[in-house]
**Q** 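Handing you a structure now.
Hydrogens, waters and symmetry mates are skipped; everything else that's a heavy atom, side chains included, is used. Within every chain, numbering begins at 1; the chains are lettered A, B, ... in the order of the sequence lines, protein sequences first and strands thereafter.
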2 protein chains.
Amino acid sequence: MKYKEKLRNSGLRPTKQRVQICEVLFDTEKTFHFTINDLERKIKDKIDNKISLATIYNTVHAFEKKGYLKQIPINSNQTYFDTNINDHHHFYDLKDGKLIDLENSDVGPINIKKKINGKKIKSIEVLVKLED
Amino acid sequence: MKYKEKLRNSGLRPTKQRVQICEVLFDTEKTFHFTINDLERKIKDKIDNKISLATIYNTVHAFEKKGYLKQIPINSNQTYFDTNINDHHHFYDLKDGKLIDLENSDVGPINIKKKINGKKIKSIEVLVKLED
DNA sequence: ACACCTGTTTAGAACCATTATAAACTGCGA
DNA sequence: TCGCAGTTTATAATGGTTCTAAACAGGTGT
């Protein structure tokens, strides 16, 4: 029932589908990366009832807007999301298209010297591309 | 004729279309960012004959593979490319979707401490998201 | 417990950037 | 000039994502 609370507190009505998607996304030891397609399969595996693709899209976007998920900036035919919302970065293995977490402690501090007036920095994301 | 040489030297047959696309991309004072759609319009403006969309895609991908263009890792419905192939980074203004260059001197050195065995780092790209 | 309202879910269609196709064309070496 | 492999082209196909509008379901007030 913890997800019902969490959802209600952030202004999202705690529907059956949203709670079930929370369970798939957040009932895990480790955080993980996924595409909508990955998530669709995970849901099929873990949940008896069907959740429509449109709902999966809606929910993922709603969760991202609330800050429960992060989109990973990467050029791929599919959008990648991350259940790890802490500041961290990624390796991207070009050979097999796999993403690997880079903890913040794995990357030295990043100092942005340039400023754009009227704007503030929302996030700093580093993508390290790997080849053989 | 400089582009004919350049193309031939990198194993690309210097066709009329490729040379013309070179002129649109590289005959400029400053480097710039673009989507395929942007490039299509630029070509229409500067070139008399038509170049088909498929050729634009083919050429951009060929140039990227040869290292004359870089793809910018960003989540957008369209793929962004950059004629600046030096190591540098980007601001991304979330409000209006605009990209702004961050010169390497604007960003302190980035130290990646983690290693993946058998893999080497091909590139390090930083995306700084801006909000109001 | 009921009804109602609004937010949510749903299947399917629509959208649109990108890629595939296959026929016509062209740079270039023989 | 000939011939071929590499390119270009218009168009169709693909596939992830978004839209639509009808059915459904939390939640509040009665």
Side-chain angles (χ1 to χ4, degrees), chain A residues 1 3-25 33-44 47-66 68-69 71-81 97, chain B residues 1 3-25 33-44 47-66 68-69 71-81 97:
Chain A
M1 295 300 92
Y3 295 125
K4 275 198 170 170
E5 275 314 299
K6 183 179 171 178
L7 290 168
R8 230 190 304 261
N9 290 340
S10 55
L12 294 172
R13 189 182 288 180
T15 63
K16 189 174 85 174
Q17 291 88 341
R18 284 176 177 162
V19 171
Q20 289 179 325
I21 291 174
C22 276
E23 287 165 358
V24 172
L25 290 175
H33 311 127
F34 65 93
T35 64
I36 294 290
N37 187 47
D38 294 337
L39 181 56
E40 200 183 5
R41 277 187 283 105
K42 264 190 208 287
I43 288 170
K44 269 210 195 83
I47 305 290
D48 282 333
N49 52 302
K50 192 197 173 189
I51 297 182
S52 96
L53 184 56
T55 298
I56 297 173
Y57 273 98
N58 288 340
T59 303
V60 165
H61 287 146
F63 286 5
E64 194 212 347
K65 193 165 291 177
K66 293 297 180 185
Y68 302 147
L69 292 173
Q71 226 181 313
I72 302 172
I74 197 179
N75 286 117
S76 164
N77 53 328
Q78 292 183 213
T79 304
Y80 275 81
F81 294 90
Chain B
M1 294 304 92
Y3 295 124
K4 275 197 171 170
E5 277 313 302
K6 183 179 172 178
L7 289 168
R8 231 189 305 263
N9 290 341
S10 56
L12 295 172
R13 187 183 286 180
T15 63
K16 189 173 84 174
Q17 292 86 342
R18 282 175 179 165
V19 170
Q20 289 179 325
I21 291 174
C22 276
E23 288 165 357
V24 173
L25 289 176
H33 311 126
F34 66 93
T35 63
I36 295 290
N37 187 48
D38 294 337
L39 181 56
E40 201 184 4
R41 278 188 281 107
K42 265 189 208 290
I43 288 170
K44 271 210 194 84
I47 305 288
D48 281 335
N49 52 301
K50 191 196 174 188
I51 298 182
S52 96
L53 184 57
T55 299
I56 297 174
Y57 273 99
N58 288 339
T59 303
V60 165
H61 286 145
F63 287 4
E64 194 212 345
K65 195 165 290 177
K66 294 297 180 185
Y68 302 147
L69 291 173
Q71 228 182 309
I72 302 173
I74 197 180
N75 286 116
S76 163
N77 52 327
Q78 292 183 210
T79 304
Y80 274 81
F81 294 90

**Q** A/Phe81 and side chain to side chain contact (heavy atoms under 4.5 Å, CB included): which single residue from A/Leu25, A/Ile72, A/Leu39, A/Ile36 fits?
**A** A/Ile36

**Q** Using chain A heavy atoms and a threshold of under 4.0 Å, write down where along DNA chain D the contacts begin and end, 5' to 3'.
**A** D/dG16 to D/dG27

**Q** Would a distance-only check, ignoring hydrogens and angles, find a side-chain to backbone donor-acceptor pair under 3.5 Å from A/Arg18 to A/Arg13?
**A** yes

**Q** Quick one: how far along DNA chain C does chain A reach, first to last nucleotide 5' to 3', anything under 4.0 Å to a heavy atom?
**A** C/dT6 to C/dA11

**Q** Do you see a donor-acceptor pair shorter than 3.5 Å between the side chains of A/Asn58 and A/Thr55?
**A** no

**Q** For B/Thr55, report the nucleic acid contact type (base, sugar-phosphate, nothing); a contact means any heavy atom under 4.0 Å.
**A** base

**Q** When you check the side-chain N and O atoms of A/Asp38 and A/Gln78, is any donor under 3.5 Å from an acceptor?
**A** no

**Q** Once you measure the plane-to-plane angle for A/Tyr68 and A/Phe63, does it fall in the parallel (<30°), tilted (30-60°) or perpendicular (>60°) bin?
**A**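 Perpendicular.
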
**Q** What is the nucleic acid contact for B/Asn58, judged by heavy atoms within less than 4.0 Å: base, sugar-phosphate only, or nothing?
**A**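 If one applies the 4.0 Å heavy-atom cut-off, B/Asn58 turns out to touch a base.
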
**Q** Can you tell me if B/Lys42 has over 12 outside heavy atoms packed within less than 6.0 Å of its NZ?
**A**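 It does not: B/Lys42 NZ has 12 such atoms or fewer within range.
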
**Q** With nearest nucleotide decided by heavy atoms, which residue, B/Arg13 or B/Ser52, maps closer to the 5′ end of DNA chain D?
**A** B/Arg13

**Q** Once you apply a heavy-atom cut-off of 4.0 Å, does B/Thr79 come out as touching a base, just sugar-phosphate, or nothing?
**A**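 Sugar-phosphate only.
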
**Q** Between B/Pro14 and B/Tyr80, name the one whose nearest nucleotide on DNA chain C is closer to the 5' end.
**A** B/Tyr80

**Q** Who passes ring-ring contact (aromatic ring centres under 6.0 Å, His included) against B/Tyr3, sequence neighbours left out?
**A**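 Testing B/Tyr3 for ring-ring contact (aromatic ring centres under 6.0 Å, His included), a comparison that skips the adjacent residues, returns none.
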
**Q** So which one's nearest nucleotide on DNA chain C is more toward 5', A/Arg18 or B/Gln17?
**A**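 So the residue in question is A/Arg18.
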
**Q** Check whether B/Ser10 reaches the backbone of B/Leu7 with its side chain - one donor and one acceptor, N or O, closer than 3.5 Å.
**A** yes

